[in-house]
There are 2 protein chains.
Amino acid sequence: MSSAHGARARARIEVTAAIKEEASRQLAAEGAAKLSLRAVARELGMASSAIYRYFPSRDDLLTDLIIDAYNSLGEAAEAVQHTATDPVRRWVTVCEAVRGWALAHPHEYALIYGSPVPGYTAPQTTVPPASRVGLVLIGIVRDAVKGRGVTFPPLAAELRPEAERLAADIAPDLPPQVAAALVAAWAQLFGLVGFELFGQFNRVVEDREPFFRHAVGQLARGVGLR
Amino acid sequence: MSSAHGARARARIEVTAAIKEEASRQLAAEGAAKLSLRAVARELGMASSAIYRYFPSRDDLLTDLIIDAYNSLGEAAEAVQHTATDPVRRWVTVCEAVRGWALAHPHEYALIYGSPVPGYTAPQTTVPPASRVGLVLIGIVRDAVKGRGVTFPPLAAELRPEAERLAADIAPDLPPQVAAALVAAWAQLFGLVGFELFGQFNRVVEDREPFFRHAVGQLARGVGLR
DNA sequence: TCCAAAGCAAGAGCACCGCTCTCTTTTTTG
DNA sequence: CAAAAAAGAGAGCGGTGCTCTTGCTTTGGA
């Protein structure tokens with residue numbers, strides 16, 4: 001068993017943690033593409049082949065880091081979700097937390113929202129951590145709907161079936177129009193963050209904080225919040 | 001001189017083109033990270049070291065491919081920008097062209113709008129090609145403003161100075177409110193496309209075409225188009 | 001016209017990478 | 001206490017970007 005029985009089991013946990021720690025350091029410093037198992041091993045003073053006792057491949061290590069990144073971002077969003085009561089303010093606050101986390105952890109952000117690492121497809125285990133930010137946004141809108149703080153956004157007729165299916169899937173208690181608008185706003189939020197982070201706003205947007213605040217405020221109104 | 005004088009100069013152009021062609025093939029097939037100079041050379045039947053006579057480094061080759069990708073996407077957008085007269089329809093059509101290009105060229109899209117290749121910073125030469133889609137969107141809004149087809153969107157007071165600076169920079173003939181909303185919508189468009197392309201919509205949005213059409217339609221209204 | 005200069009191809013080589021296999025040592029377990 | 005399982009180390013394979021040296025060919029000026 002891999003329980004915390006012997007000293008060996010404890011050592012395994014420690015070494016695994018040390019590997020992830022060093023890998024995380026390299027990820028933050030140089031980015032995912034320059035993360036090398038050999039360099040991690042070197043830094044830890046072990047043979048490069050020994051790493052493979054803990055992570056079967058580089059991709060498995062990356063998967064762990066991806067999950068950590070999703071959880072770290074999710075926590076950042078969850079931590080501020082109740083610091084306001086007004087729906088729009090709550091929405092904007094959470095969006096700002098997402099942006100703040102992204103600016104503080106650019107390589108981690110690129111790892112999870114940039115181009116998927118080549119040939120790499122994320123396993124199912126990443127799905128729950130990846131959903132946390134979305135769930136926070138859903139929660140805000142849900143509370144607003146309960147408190148009558150939502151004007152239903154318009155919905156094209158052709159989108160009706162998809163909106164109903166989507167609402168049933170992710171938030172059964174939300175009106176289809178709101179659910180559809182929410183998903184769109186969710187994607188658009190990461191468009192704003194990504195453009196700033198990846199340099200697309202260079203020489204275009206200078207004073208980025210108020211710009212972002214205003215844009216996500218409009219996003220909130222697009223979902224129906226007020 | 002590097003003019004088309006001798007047979008040597010002509011050969012250089014041909015070899016350069018052949019390298020880019022093969023590299024483009026590999027990029028489309030496997031993605032940027034698996035593009036290897038050695039593999040390109042192998043495929044072309046030349047020594048790997050010979051490539052360096054044409055491209056000083058792998059990054060220089062990638063820069064060329066980035067420019068090509070921007071231009072290809074820009075052309076796709078420009079090609080459809082006049083197929084409608086109604087401002088909202090024009091906007092949606094161009095957005096659909098962007099999405100269509102992205103779905104048809106996922107690796108090229110990832111190259112230019114995914115995480116920037118680590119350590120790599122795009123040189124100034126990429127700026128004009130990178131601007132083409134934005135210019136198309138600006139053109140649509142400009143025409144709409146002239147034709148009185150625009151309701152000015154709201155603008156937070158704190159954003160006023162940035163909006164004026166931004167408008168002066170990218171579209172002096174556009175009202176600041178419109179210019180600011182336009183830039184935000186521009187970024188949000190790529191959020192929608194990226195989320196679909198990079199799998200974030202898996203198990204969330206099923207019927208993606210109407211969803212996208214509706215979302216970018218709302219985007220157009222956010223800019224003031226109607 | 002001839003000859004030096006410049007351009008180009010090729011091969012060997014360096015330092016790195018992910019990953020595998022084998023061998024030895026250590027710890028756990030029946 | 002012995003057998004089995006786990007872990008570490010080292011060598012090695014095939015791959016990468018990139019450099020350097022060595023010849024060969026085209027080019028342009030005296």
Side-chain angles (χ1 to χ4, degrees), chain A residues 1-20 22-23 25-27 29-66 111 116-121, chain B residues 1-20 22-23 25-27 29-66 111 116-121:
Chain A
M1 273 288 110
S2 63
S3 312
H5 270 72
R8 176 152 254 171
R10 215 175 318 115
R12 177 167 242 284
I13 290 171
E14 270 168 33
V15 174
T16 306
I19 292 173
K20 279 184 61 173
E22 176 57 32
R25 225 190 314 276
Q26 290 191 19
L27 171 64
E30 299 270 19
K34 292 201 175 174
L35 191 164
S36 123
L37 290 187
R38 291 182 108 112
V40 170
R42 210 179 302 130
E43 211 64 29
L44 264 50
M46 53 165 68
S48 65
S49 55
I51 298 268
Y52 291 85
R53 299 270 177 213
Y54 298 86
F55 294 92
S57 79
R58 186 178 179 276
D59 278 0
D60 289 272
L61 216 193
L62 271 181
T63 299
D64 262 45
L65 296 180
I66 285 173
L111 184 63
V117 179
Y120 172 86
T121 44
Chain B
M1 274 289 114
S2 63
S3 311
H5 270 71
R8 176 152 255 169
R10 216 176 316 115
R12 177 169 241 285
I13 291 171
E14 271 168 31
V15 174
T16 306
I19 292 173
K20 279 183 63 173
E22 176 58 32
R25 224 190 316 276
Q26 290 191 17
L27 171 64
E30 299 270 20
K34 291 202 175 173
L35 193 165
S36 127
L37 289 186
R38 293 183 106 110
V40 170
R42 210 178 301 131
E43 211 65 29
L44 263 50
M46 54 165 67
S48 65
S49 55
I51 298 268
Y52 292 85
R53 295 272 170 205
Y54 298 88
F55 295 91
S57 78
R58 186 180 179 276
D59 278 0
D60 290 272
L61 215 194
L62 271 181
T63 299
D64 261 46
L65 296 180
I66 285 173
L111 184 62
V117 180
Y120 171 87
T121 45

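We use all heavy atoms of the structure for the numbers below, so side chains are in, but hydrogens, waters and symmetry mates are not. Just so we're on the same page: letters track the sequence lines, and every chain starts at 1.
Annotation: of the two residues near DNA chain C, A/P56 and A/S36, the 5′-most nearest-nucleotide partner is A/S36.
If you take NZ of A/K34 and P of D/dG17, they are 14 Å apart, rounded to a whole angstrom. A straight line from CG of B/D60 to P of D/dG17 spans 13 Å, rounded to a whole angstrom. In this structure, B/R8 atom CZ and D/dT27 atom C1' are separated by 8 Å, rounded to whole Å. Rounded to an integer number of Å, the gap from CG of B/L62 to P of D/dG17 is 10 Å. Taking atom CD on A/E43 and atom P on C/dC17, their separation rounds to 11 Å, with Å as the unit. In this structure, B/D59 atom CG and D/dT16 atom P are separated by 17 Å, rounded to whole Å. Taking atom CZ on A/F55 and atom P on C/dT20, their separation rounds to 16 Å, with Å as the unit. Straight-line distance from the OH atom of B/Y52 to the C1' atom of D/dT21: 17 Å, rounded to whole Å.
When all heavy atoms are compared, the tightest approach of B/A32 to B/L111 is CB-CD1, 3.7 Å. Taking every heavy atom of both residues into account, A/S57 and A/L37 meet most closely at C-CD1, 4.4 Å. Closest non-hydrogen pair, B/I51 versus B/A41, comes out as CG1-CB, 3.7 Å.
The CG atom of A/L35 sits 6.0 Å away from atom CG of A/L62, with the distance rounded to the nearest 0.5 Å. With values rounded to the nearest 0.5 angstrom, B/R53 atom CZ is found 8.5 Å from B/S49 atom OG. Between the CG atom in B/D64 and the NZ atom in B/K20 there is a gap of 4.0 Å [rounded to 0.5 Å].
The residue B/L35 sits close only to the backbone: its heavy atoms come under 4.0 Å of sugar-phosphate atoms, none of a base.
For A/R58, taking side-chain heavy atoms from C-beta onward, the closest of the listed nucleotides C/dG18, D/dT19, C/dT28 is C/dG18.
Between A/R42 and C/dC17 there is a side-chain N or O to OP1 or OP2 distance below 4.0 Å. The side chain of B/R12 places no N or O atom within less than 4.0 Å of a non-bridging phosphate oxygen (OP1 or OP2) of C/dG7.
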Legend entry - Sequence-aligned protein contact record of nucleotides 8-13 of chain D, with B where the base is within under 4.0 Å of a protein heavy atom and S where only the sugar-phosphate is: BBB-B-
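Using modelled atom types and a 3.5 Å distance limit, the side chains of A/T63 and A/D60 yield no donor-acceptor pair.
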